[in-house]
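In what follows, chains carry the letters A, B, and so on, assigned in the order in which the sequence lines appear, proteins first and then strands, with residues in each chain numbered from 1.
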Amino acid sequence: MNNVQIAACLEETADILEFQAANPFRVRAYRNAARAITEWPESIASMLAAEKPLTEIAGVGADLAEKIAALSMTGVFPLLEELRGQVPQSVLALLRVQGLGPKKAAALHKELKIASLDELREACEAHRVRELKGFGEKTEQAILAGLALASTAHERMLWAEADEWVQQLLAYLRTAPHVEQLQAAGSYRRGRDTVGDLDFLAVSSQPKEVMGLLAEFPEISEVIARGPTKMSVRLAKGPQLDLRVVPAEAFGAALLYFTGSKDHNVVLRGRAKDRGLKINEYGVFEGDRYIAGLTEEDVYATLDLPWFPPELREARHEFEWADAGALPELIEPEQIQGDLHMHTTESDGQASLEEMVAGAQARGLKYIAITDHSKRVSMANGLDGRRLRKQWAQIDRLNEKLKGFTVLKGVEVDILEKGGLDLTDDVLAEADWVVASVHYGQNQPREQITKRILEALANPYVSAIAHPTGRLLNRRNPYDVDLEAVLKAAHEHGKFMELNANPSRLDLDDLACAAAKLQGVPIVISTDAHNVDSLNHIRYGVLQARRAGLGKADVVNTHAWKQVQKLLGKRSAK
DNA sequence: GCCGTTTTCGGCCCGACTGTTTTCAGTCG
């Protein structure tokens, strides 16, 4: 049983306990442990094998350590089995309805014997819900609206999609004359790969007018809530938008609060409490006395903390780093010197070799690798050895004409279903740069996929593994692969792992990149561009690298190509 | 259920908004 599965058991336990109105702190303990295990770079199984205490994981105490060890080894979690017998899965679905929390859901289950979303809808339509104590006509309507919303299955946006909304809304809201400051916050500002709600923070002496302007934004379908300082609306194409308007002296504190993460804020407020201070969205207070809040730096300073880049605010390692005075200096997009994964019209790209080169030069890059598909990827018109050598001869001729820019002879070689690579070593040996990737057989069992990738890493001519989990956000789950083993092998063979900057891919994800850094495996951020415009995607990759705490030195393609070659430690310079 | 330089019990972040209330509980972020 892997960490994700263990975490899922703990989450479900928390759901049921919450539904049963258990001690909310006990519920939180299960949720905290679930999160900690999801983010832990080492598998529980290998910790147990190495006899490392699970209590090393913050949020896992003696009790949970024992339960988790048993779960990992036997696959059985007696407490959860028992709870499942008390509260069926279909009842837990009630908690997913917006506006229904554990208290109301439990009341519906207890008083009206409602055990599914269908039964809930029927009860609302028959006006039985409004008869319950604490419920009313409006609640009944809100539940029906929540049910309708749940059925449209609105998923999290890609960060790149959120960015389009944000830019549009910032431009729109800035037209209000009374907006003094305006900023997008939330998971968007933290650069998460996907974004749920859009959060905006404004400073204005006239909140009503700002909210009035937002209410007139053409794509709004519904105003969910509107008070004196806070407004929530739903946009026609799905996402919810929250706007908070605060006075100038609260901007820093409110930005911090509204950027989150929630867990980061919980730690901050706890630390404030230890010092006899209180932090809320209006500032830092000693008793009733305001002592800071104008900027985020001011707020952090009251706790002797440095300003944290938003990408790090996940309550993972940032506080421990800050306490040790070792907050990493994060990579910046301008530090990227080369792009080592892209396609041309020779396979499934939409631009020629020359166009990709011109596009890369226009973006200030110093080198690129052309990595068209290999022959097995026939749908993409993948290249065999003969066509590749022809392309590489063309690249040699092009390089003679280029000044201060290098085009590398590369290939994206397919890792075959049965194992092995799609091109022979004699061909690969002539390449400057080889990325290997899994395209087929993604449903194979974990052992098989892992073995294929480990073999590829062992090939002396492979430089990196591209899009190492195969996920497509909102469309395709990552294939089942033992990343721990892959990272270990990459380290042993001196290979790199790709962070694919395509906004739908972004794998390795932030957690896996952080694990790679721990293992000493360098990351290469690549666009996998299939046209010139997509060369711009590099910034999405950089954002995820920042979330992983990576600095310039951790990312291979911040270096000049000569240094990359040295790092790779193979074959003579070209 | 976790945690500890206010340690083995008694805390556990904080506030906005809504609806059903007539002072507050529930939900959300």
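For A:Phe285 and B:dC13, the CZ to C1' distance is 14 Å, given to the nearest whole Å. Summarising the geometry, the separation between CG on A:Leu277 and C1' on B:dC13 is reported as 14 Å, rounded to the nearest angstrom. Atom CG in A:Leu132 sits about 13 Å away from atom C1' in B:dT20, given to the nearest Å. The interatomic distance linking A:Ile37 (CD1) with B:dG1 (C1') rounds to 13 Å, in whole Å. For the pair A:Lys103 NZ and B:dC24 C1', the computed distance is 13 Å after rounding to whole Å. When rounded to the nearest whole Å, the span between CG of A:Leu95 and C1' of B:dC28 equals 14 Å. Atom P of nucleotide B:dC14 and atom CZ of A:Arg244 are separated by 15 Å, given to the nearest angstrom. Nucleotide B:dC2 holds its C1' atom 14 Å from the CG atom of A:Leu10, rounded to whole Å.
Between A:Thr139 and the phosphate of B:dT18, there is no side-chain N or O to OP1/OP2 separation shorter than 4.0 Å. Checking the phosphate oxygens (OP1, OP2) of B:dA25, no side-chain nitrogen or oxygen of A:Lys133 falls inside 4.0 Å. Under 4.0 angstrom from either OP1 or OP2 of B:dC28 there lies no side-chain N or O belonging to A:Tyr257. Note on A:Arg26: a side-chain N or O is less than 4.0 Å away from OP1 or OP2 of B:dG1. Phosphate proximity of B:dC17 to A:Thr229: present, with a side-chain N or O under 4.0 Å from OP1 or OP2.
Heavy-atom nearest nucleotides on DNA chain B were determined for A:Tyr30 and for A:Gly101, and the one closer to the 5' end corresponds to A:Tyr30. For the pair A:Arg226 and A:Val60, both in contact range of DNA chain B, the more 5′-proximal nearest nucleotide belongs to A:Val60.
The pair A:Glu56-A:Lys52 fails the salt-bridge criterion, with no side-chain N (NZ, NE, NH1 or NH2) lying under 4.0 Å from an Asp/Glu carboxylate O. A salt bridge is defined here as a Lys NZ or Arg NE, NH1 or NH2 lying under 4.0 Å from an Asp or Glu carboxylate O, and A:Glu222 with A:Arg234 meets this definition. We find that A:Arg128 and A:Glu131 are not joined by a salt bridge, their nearest charged nitrogen and carboxylate oxygen being 4.0 Å or further apart. Using a 4.0 Å cut-off between charged side-chain N and carboxylate O, A:Arg190 and A:Asp199 make no salt bridge.
In the set B:dG29, B:dC14, B:dG1, B:dC14 carries the atom at the smallest distance from any side-chain atom of A:Asn280. Taking every side-chain heavy atom of A:Asn23 into account, B:dG1 is the closest of B:dC13, B:dT20, B:dG1. Listed candidates were B:dT20, B:dT27, B:dC12. Nearest to the side chain of A:Lys273 is B:dC12. Listed nucleotides: B:dT27, B:dG29, B:dC17. Nearest to the side chain of A:Gln240: B:dG29. Closest contact between the side chain of A:Pro228 and the listed nucleotides B:dC17, B:dT20, B:dC12 involves B:dC17. Among B:dG29, B:dG1, B:dT27, the nucleotide with an atom closest to any side-chain atom of A:Ala29 is B:dG1. When the nucleotides B:dG29, B:dA16, B:dG1 are ranked by their closest atom to the side chain of A:Asp242, B:dG29 comes out on top. The A:Lys278 side chain lies nearest to B:dC14 when the options are B:dC12, B:dG26, B:dC14. Residue A:Arg28 has its side chain nearest to B:dC12 when only B:dG1, B:dC12, B:dG15 are considered. The listed nucleotides are B:dA16, B:dC2, B:dG26; the one nearest the side chain of A:Lys230 is B:dA16.
Among the atoms of the strands shown, none is found under 4.0 Å from any heavy atom of A:Asn265. Nucleic acid contact class of A:Leu268 (heavy atoms, under 4.0 Å, all strands): none. Using a 4.0 Å heavy-atom criterion, one finds that A:Pro102 contacts the sugar-phosphate atoms exclusively.
Here A:Phe308 and A:Phe319 bring their ring centres to under 6.0 angstrom of each other.
The aromatic rings of A:Phe77 and A:Tyr30 lie tilted to each other, with the angle between the two planes from 30° to 60°.
Nucleotide B:dT8: unpaired (no Watson-Crick or G-U wobble partner with both distances less than 3.5 Å).
A:Gln168 is not listed as a side-chain neighbour of A:Glu164, based on a closest heavy-atom distance of 4.5 Å or more.
In this structure, B:dT6 shows a glycosidic angle more than 90 degrees from zero, which is the anti conformation.
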